[in-house]
Visitor: 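One structure follows; several queries about it will come next.
These numbers come from the heavy atoms of this one structure, side chains and all, not from hydrogens, waters or symmetry mates. A, B, ... follow the sequence lines: proteins, then strands. Residue 1 opens every chain.
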Amino acid sequence: MAILNEEQTMLRDAAKGWVADKAPVTALRKLRDTGGWKTGYDPAAWKEMAEMGWTGVIVPEAYGGSEFGYRSLGLVLEETGRTLAASPLHATAAAAASALLLGGSDAQKETWLGRIAAGEITAALAVDEGPHHHPGSVALKAEKTATGYSLTGTKRFIPDAAEADLVVVAARVSGAPGDTAGIRLFLVTGGAAGLTATPLHAIDNRAHADLAFAATPAELLGETTGAGWDVLSATLDRATALLAAEMMGTATQAFEVILDYLKTRTQFGQLIGSFQALQHRAAKLFTELELTRSCVDAALDALDAGSKDAPALVSLAKAKANETLHLASIEMVQMHGGIGMTDAHDAGLYMKRARVAEALYGSSSYHRDRYAKLGGY
Amino acid sequence: MADFGAELDVFRTETRDWLEANCPASMRTPMTAEETPWGGARFKWANPDSKTWLDRMAEKGWTAPMWPKDYGGGGLTAAQARVLEQEMARIKARPPLFSFGIWMLGPVLLEYANEEQKKAHLPKIVRGEIRWCQGYSEPGAGSDLAGLQTRCEDKGDHFLINGQKVWTSYADQADWIFCLVRTDTTKKHEGISFVLFDMTTPGVDARPIKLISGESPFCETFFTDVKVPKAQMVGKLNGGWDIAKRLLQFERQNISAGGFGGAAGLEIEEVALAHVGADNGKIADGDLRARITAHKMDAKAFSLTVRRVEAEAKSGKGLGPAASILKYAAATLNQHKHELMLEAMGSDGLGWDGEGFDRANIRETRAWLRSKGNSIEGGTSEINLNVVAKRVLGLMDHQ
Ligand SMILES: Cc1cc2nc3c(=O)[nH]c(=O)nc-3n(C[C@H](O)[C@H](O)[C@H](O)COP(=O)(O)OP(=O)(O)OC[C@H]3O[C@@H](n4cnc5c(N)ncnc54)[C@H](O)[C@@H]3O)c2cc1C
């Protein structure tokens, strides 16, 4: 399903126009230079994103969303990725919303999905505890209390978590780290007792935070036995594929900036784009972008179709997006020469965001390993 | 070499004893970025031992061991210089001086400058009294360096310089500049001259540029009616291009010999074990482990090549073709190392500053960003490869 329907085309075009107008790279610079990395976004811009319906793209109509699906949300994120637009859109409307959608009870969906779709709240998904993505290793402890659960432990480098109204937390009710059967998902409200968030000043100037839970009250996601590993895995598939879509946008923009420079900068009395050494590198990068786009599209389509091969396609998409964005970010600096090394140029911002996105939801090694395991070898 | 063996042994013993007695204890610890000994008239020494160490080494001429004694150098033979290097490495002594004067300018002054110029500049370079910067690149002349436009006019009793340089490393901290200027606008390469002047001369304005790593090591440097005494031109009028190219050779050689090592000092496999975890002593992520290993093998191949090139050079046969690949190889290797380091650190390596990140990790992250310049500074990797293809392999230009 490489072809977009009319609604999708409209959504993408609207996103493209809005991002160029309201969230150019200069907006991220401003956020950075005014200490805005703590919250990670401009509230006015976020409000407009919600008004355009972006927060409800995967939310069922019954809860006030448009139910356009993952591929459609990917189109929006690709556009925000182009200009490094900082917002809690991915954390809220992709990651946390997926968890609620897949594992929430009717009452939980009713309570939270509607508010996400309406843009009333921001939310985050907290899984990793160490420096590398490793969902099976969750150690954060969940203990039953008279009224629900209580969580104790820490989470590391969680996107948009510091200011979130709702955090979906992966925690362990039994077993040791590595044993996936003991993992459940929980809902914790922002400002809950015993929850401390430390905002992190990361290289991409987006909002990331360390979270500490000390007997923090939490509600089990889902009915009686709760949503466990399967829901977490499916949620991560969605969050990962949608991050890959954002990265696709970032890489595409980096490529276009490079191409533009090859057509304007002259040395030795000719455009540097006339040198075959650079022509081939641009053509190779273009090849990688096209290959990656197919993988990202296929992963999102598979998620929309609920097909069995979605997990493998998601790992494929993220591994490819990691590699291609990595390459694009390196070429962006290199082909600009000295200017690419300056803070005044955008290349550094793309490079820094690239490395954060590459690490989030799994490095290439992680996804190559997962792809092999899913393939049975 | 065998017949000189005994003499060299004496030199080794003397050197060892002298270093033992004169190298301060703190100069035998790994160098930090803050304590890099750049020297110069305006330099602030973060550690007084660095200054003591420099003065003692400069007194013997050992900041420039093979330069002639007449100009303050050590007057050592290649074999003796190697011994000095080995003995310094043995006690992990820091280099006493980091200097564009020693790495780049001095060697060309020895070849091209007149006696007066050598006497005026070389001893001060040896003693680290004057810090130099390199005024080569301009906004329109980077890879195409010979396209430079900074004008230098003959005004009878002096030269008058107008124009702009860019990416001038440490121009805001340097005392003097070696600068390429245009003295003939009708020719390209044959219209370039090589001049030296004081950065405090009226009309010189160096404005720092911020890098992606957050530091500002280089500048935009403007010259407005800068008056330069005519005696400060090195070589002939319009004869600067050969000097410029020769200096670039020294620059690239120096870069490749040092391998962009820098002061970091973290070992990549240790970083990976600490952040990824171990599985029976092996880095738990097998894919990353394989890539780290491939990198370490490349690094070994590089250092073996540097040694082979050095051995060839010292045997008097001149530089073999292997020398031409060193700068490109060093840049690639260093960048790859930093990428692997960043990947191994995971989210611990994604901090800019502030709470939640280890200082050493932040330093490493900044070093990763800085390493992106390695394939640009001193001539880009593309230009290096063009040179290898054309000069070494004899491949022709695209027609
Ligand atoms: C950290 C750092 C420190 C520096 N310090 C100094 C200094 O102290 N003094 C100084 O004078 N300069 C310094 N430079 C400048 C450096 O020498 C130039 O940036 C470099 O030569 C490239 O020139 P440019 O930036 O104009 O890029 P350009 O020449 O515009 O190059 C842009 C891109 O085109 C490519 N390209 C150009 N021509 C060709 C070709 N024929 N074939 C294939 N590809 C080509 C380049 O490789 C590059 O990828 C420094 C640069 C850096 C990054």
Visitor: Can you find a side-chain donor-acceptor pair between B:Ser375 and A:Gln334 that sits under 3.5 Å?
Guide: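 Side chains of B:Ser375 and A:Gln334: pair found under 3.5 Å.
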Visitor: Can you find a heavy atom in the side chain of A:Ile203 that is under 4.5 Å from one in the side chain of B:Trp368?
Guide: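 Sidechains of B:Trp368 and A:Ile203: in contact.
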Visitor: Are B:Glu382 and A:Arg281 close enough that some pair of their side-chain heavy atoms sits under 4.5 Å apart?
Guide: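 B:Glu382 vs A:Arg281: side chains touch.
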Visitor: Checking A:Gln267 side chain against B:Gly140 main chain: does a donor-acceptor pair fall under 3.5 Å?
Guide: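 Such a contact is found between A:Gln267 side chain and B:Gly140 backbone.
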Visitor: What is the distance from atom CD1 of B:Ile209 to atom NE2 of A:His345, rounded to the nearest 0.5 Å?
Guide: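 One gets 13.0 Å once the value is rounded to the nearest 0.5 Å.
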Visitor: Using every non-hydrogen atom in the two residues, find where B:Gly356 and A:Leu200 come nearest and quote the distance to one decimal.
Guide: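 Closest pair (atom of B:Gly356, atom of A:Leu200, distance): CA-CD2, 3.8 Å.
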Visitor: Using 0.5 Å steps for rounding, measure from the CD1 atom of B:Ile383 to the CZ atom of A:Phe275.
Guide: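 Reported value, rounded in 0.5 Å steps: 7.0 Å.
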Visitor: Hey, does the side chain of A:His132 reach the backbone of B:Ala344 with a donor-acceptor pair shorter than 3.5 angstrom?
Guide: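 Answer holds: yes.
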Visitor: Identify which of B:Thr365, B:Leu288, B:Asp353 forms the greatest number of heavy-atom pairs closer than 4.5 Å to chain A.
Guide: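 Looking at each of B:Thr365, B:Leu288, B:Asp353 in turn, B:Asp353 comes out on top.
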Visitor: Determine, for B:Glu343 against A:Arg355, whether the closest basic-nitrogen to carboxylate-oxygen distance falls under 4.0 angstrom.
Guide: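 A:Arg355 and B:Glu343: not salt-bridged.
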Visitor: Quick check on A:Ile330 against chain B: is it the side chain, the backbone, both or neither that has a heavy atom closer than 4.5 Å?
Guide: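 The answer is the side chain of A:Ile330.
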Visitor: Do you know which of B:Gly142, B:Gly286, B:Ser381, B:Gly147 has the most heavy-atom pairs with chain A at a distance under 4.5 angstrom?
Guide: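 The residue among B:Gly142, B:Gly286, B:Ser381, B:Gly147 with the greatest pair count is B:Gly142.
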Visitor: If you count heavy-atom pairs under 4.5 Å between each of A:Ala209, A:Pro131, A:Ser364, A:Ser363 and chain B, which one has the most?
Guide: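 Counting heavy-atom pairs under 4.5 Å, the top option is A:Pro131.
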Visitor: Do A:Phe157 and B:Asp348 have side-chain heavy atoms sitting under 4.5 Å apart?
Guide: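 In short, these two side chains do not touch, never coming nearer than 4.5 Å.
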Visitor: Tell me, side chain or backbone of B:Ala146 under 4.5 Å from chain A's heavy atoms, or both, or neither?
Guide: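 Answer is neither: B:Ala146 stays 4.5 Å or more from chain A.
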Visitor: Using heavy-atom distances under 4.5 Å, tell me whether B:Leu342 contacts chain A through its side chain, its backbone, both, or neither.
Guide: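 Side chain only.
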Visitor: Using non-hydrogen atoms and a 4.5 Å limit, figure out which bit of A:Thr198 sits close to chain B: side chain, backbone, both or neither.
Guide: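 Side chain only.
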Visitor: Between B:Trp352 and A:Arg32, does the side-chain contact (heavy atoms from CB on, under 4.5 Å) criterion hold? Intermediate values first, please.
Guide: CA-CA 11 Å; B:Trp352 183 252; A:Arg32 174 187 77 171; over 6 Å; no
Visitor: Mark yes or no for whether B:Lys372, through its side chain, and A:Gly348, through its backbone, hold a donor-acceptor pair below 3.5 Å.
Guide: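 No; zero donor-acceptor contacts below 3.5 Å.
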Visitor: Out of A:Ala202, A:Gly130, A:Ala344, which one racks up the most heavy-atom pairs below 4.5 Å with chain B?
Guide: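 So the answer, after comparing A:Ala202, A:Gly130, A:Ala344, is A:Ala202.
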Visitor: Is it the backbone or the side chain of A:Leu278 that comes under 4.5 Å from a heavy atom of chain B, or both, or neither?
Guide: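 Just its side chain gets close to chain B.
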Visitor: Got A:Asp204 and B:Leu350 here, is their nearest side-chain heavy-atom distance under 4.5 Å?
Guide: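 Side-chain contact under 4.5 Å: no.
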Visitor: Identify which part of A:His326 has an atom lying under 4.5 Å from any heavy atom of chain B, answering side chain, backbone, both or neither.
Guide: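 Only the side chain of A:His326 comes within 4.5 Å of chain B.
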Visitor: So does A:Gln270 have more than 12 non-hydrogen atoms from other groups sitting under 6.0 Å from CD?
Guide: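 Counting other residues, nucleotides and ligands, CD of A:Gln270 exceeds 12 neighbours.
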Visitor: Should we count OH of B:Tyr328 as having more than 12 external heavy atoms under 6.0 Å?
Guide: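 12 or below, so no.
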Visitor: In Å, rounded to the nearest 0.5 Å, how long is the span from CE of A:Met341 to NZ of B:Lys210?
Guide: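 Rounded to the nearest 0.5 Å, the CE-NZ separation comes out at 13.5 Å.
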Visitor: Side chain, backbone, both or neither: which part of B:Ser216 has an atom under 4.5 Å from a heavy atom of chain A?
Guide: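 Neither part, no heavy atoms under 4.5 Å.
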Visitor: I'd like to know which of B:Asn386, B:Thr380, B:Leu369, B:Leu385 tops the heavy-atom pair count under 4.5 Å against chain A.
Guide: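 Highest number of heavy-atom pairs under 4.5 Å: B:Leu369.
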Visitor: If every non-hydrogen atom of B:Ala141 is compared with every non-hydrogen atom of A:Arg265, which pair is closest and at what distance?
Guide: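 So the minimum-distance heavy-atom pair works out to N-NH2, 4.5 Å.
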Visitor: Can you tell me which portion of A:Ala277 sits under 4.5 Å from chain B's heavy atoms? Options are side chain, backbone, both or neither.
Guide: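 No part of A:Ala277 comes within 4.5 Å of chain B.
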Visitor: Given the rule in the side-chain contact (heavy atoms from CB on, under 4.5 Å) test, do B:Ile376 and A:Val333 qualify, once you have shown the distances and angles that lead to the verdict?
Guide: CA-CA 9 Å; B:Ile376 301 171; A:Val333 172; 4.1 Å; yes
Visitor: Heavy-atom distances under 4.5 Å only: say whether A:Phe268 touches chain B with side chain, backbone, both or neither.
Guide: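 Both backbone and side chain.
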Visitor: Which residue out of B:Ser347, B:Gly346, B:Gly351 racks up the most heavy-atom pairs below 4.5 Å with chain A?
Guide: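 Among B:Ser347, B:Gly346, B:Gly351, the one with the most close pairs to chain A is B:Ser347.
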Visitor: Check each atom of B:Val276 against the heavy atoms of chain A and say whether the ones under 4.5 Å are side chain, backbone, both or neither.
Guide: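 Contact with chain A involves both backbone and side-chain atoms of B:Val276.
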Visitor: For A:His134, is the NE2 atom crowded, meaning more than 12 foreign heavy atoms sit under 6.0 Å from it?
Guide: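 Check fails, neighbour count at 12 or below.
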Visitor: From B:Leu211 CG over to A:Thr342 OG1, what is the distance, rounded to the nearest 0.5 angstrom?
Guide: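 Output value for this atom pair is 7.5 Å.
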Visitor: Under 4.5 Å heavy-atom distance to chain A, tell me which part of B:Asp285 shows up: side chain, backbone, both or neither.
Guide: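 Contact with chain A: side chain only.
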